[in-house]
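A quick write-up on the structure given underneath.
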Amino acid sequence: MRTGPKLSRNAPCWCGSGKKYKHCHLKEDLMRGQPRRVVVDEHGREIIIKTPEQIEGIRKSSQLTREILDMLEERIVPGITTEDINRWVHEYTISHGGIPAPLNYRGFPKSVCTSINNVVCHGIPDGTVLKEGDILNVDVTTILNGYYGDSSRMFLIGKVSPEARRLVEVTRECLYLAIEKVRPGNTLGDIGHAIQKHAEQHGYSVVRDYIGHGTGLKFHEPPDVRHFGKPGTGVVLEPGMVFTIEPMINAGGYEVKVLDDKWTVVTADGSLSAQWEHTVCVTSTGVEILTEKHG
Ligand code: MF3
Ligand code: CO
Ligand code: CO
């Protein structure tokens, strides 16, 4: 049985330092005798490094989440209600062996979040009819065999104003610019900075009060993944970390408020808001987007 690390002594270290493994983390890994299982964040909370078996479970759950969002693409048109979306997500999830994670999570009453126009996140599906010109975020989280996959997309309802479409596009660019920063040795601050820079260059603002998160074994785990920040700060990324990146970008100010239903988050100034989310895994060479179509 092998106990030592797999990397050869002269290979570049897994941490991304650019140094040879023998001049970097080799000694530490040998002393531990096995891959490290947790990394502690700046608040002393443990970030679980997932095993290959756990990552495979999270991958399968993430792919079911991705399929659910794909299933919605052609069904979301003017005239349907957000309750219709809730029913489609619930039934598809259950019939594929999954459980919709939002349902009863901290008292959330539905199986999916639907956030229209000035709603930032956590909108509750109801009888609201989608109308031409709306922009909508649908946030799906699936539990499959105990593993979580969390992803959200924006949907344009019929013909949408150029301003709204631009916000949706720039927010998607923010997510992908952030994902490009995911590799061993980079930091969570690099991710936040990439998002903030792109959003603010376009005159938009980044929501501060809601953030991405570790996920996979539970819905929300350490670390906190902020969508703003300074390069080179915060937790250093390591292979086996699994977390979401889910920037919420407002056309106006970043301030938000929560409605009396205790869930629906809206922009304080009534401006439009957009969000895209993926669950990603740090690999030895970079990133795997677990909730994106594979193969
Ligand atoms: N899916 C959301 C996220 O990205 C969380 C929704 S919590 C719920 O973290 F209770 F509203 F479903
Ligand atoms: Co999330
Ligand atoms: Co989500």
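Quick note: numbers below take in every heavy atom, side chains included, and nothing from hydrogens, waters or symmetry partners. Start at 1 and go down the list; that is how both ligands and their atoms are numbered. Owing to the predicted nature of the structure, the values given are computational and were not obtained by experimental measurement.
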Pairs touching residues 231-256 that satisfy ring-ring contact (aromatic ring centres under 6.0 Å, His included), sequence neighbours left out: none
Taking non-hydrogen atoms within less than 4.0 Å of ligand 1, which protein residues qualify? Pro102, Tyr105, Phe108, Cys113, His122, Asp139, Thr141, Asp150, His213, Phe219, His220, Glu246, Trp263, Glu277
For Glu292, is there any backbone N or O sitting under 3.5 Å from a side-chain donor or acceptor partner on Gln63? yes
Glu221 and Arg45 ion-paired at < 4.0 Å: no
Do Tyr176 and His278 have side-chain N/O donor and acceptor atoms under 3.5 Å apart? yes
Residues which pass side-chain hydrogen bond (donor to acceptor under 3.5 Å, both in side chains) with Asn250, listed by chain and number, not counting sequence neighbours: Ser273
Report the protein N/O/S neighbours of the Co ion (ligand 2) that fall below 2.8 Å; do not count waters. Asp150 OD2, His213 NE2, Glu246 OE2, Glu277 OE2
Just by distance, no angles: are the side chains of Thr142 and Thr65 close enough, under 3.5 Å, to form a donor-acceptor pair? yes
Per salt bridge (Lys or Arg N to Asp or Glu O under 4.0 Å), Glu169 is matched among Arg166, Arg165, Arg172 by Arg166
Quick one: does Asp190's side chain get under 4.5 Å of Pro231's, heavy atoms only? yes
For the residue pair His213 and Glu246, confirm or rule out a side-chain donor-acceptor distance under 3.5 Å. yes
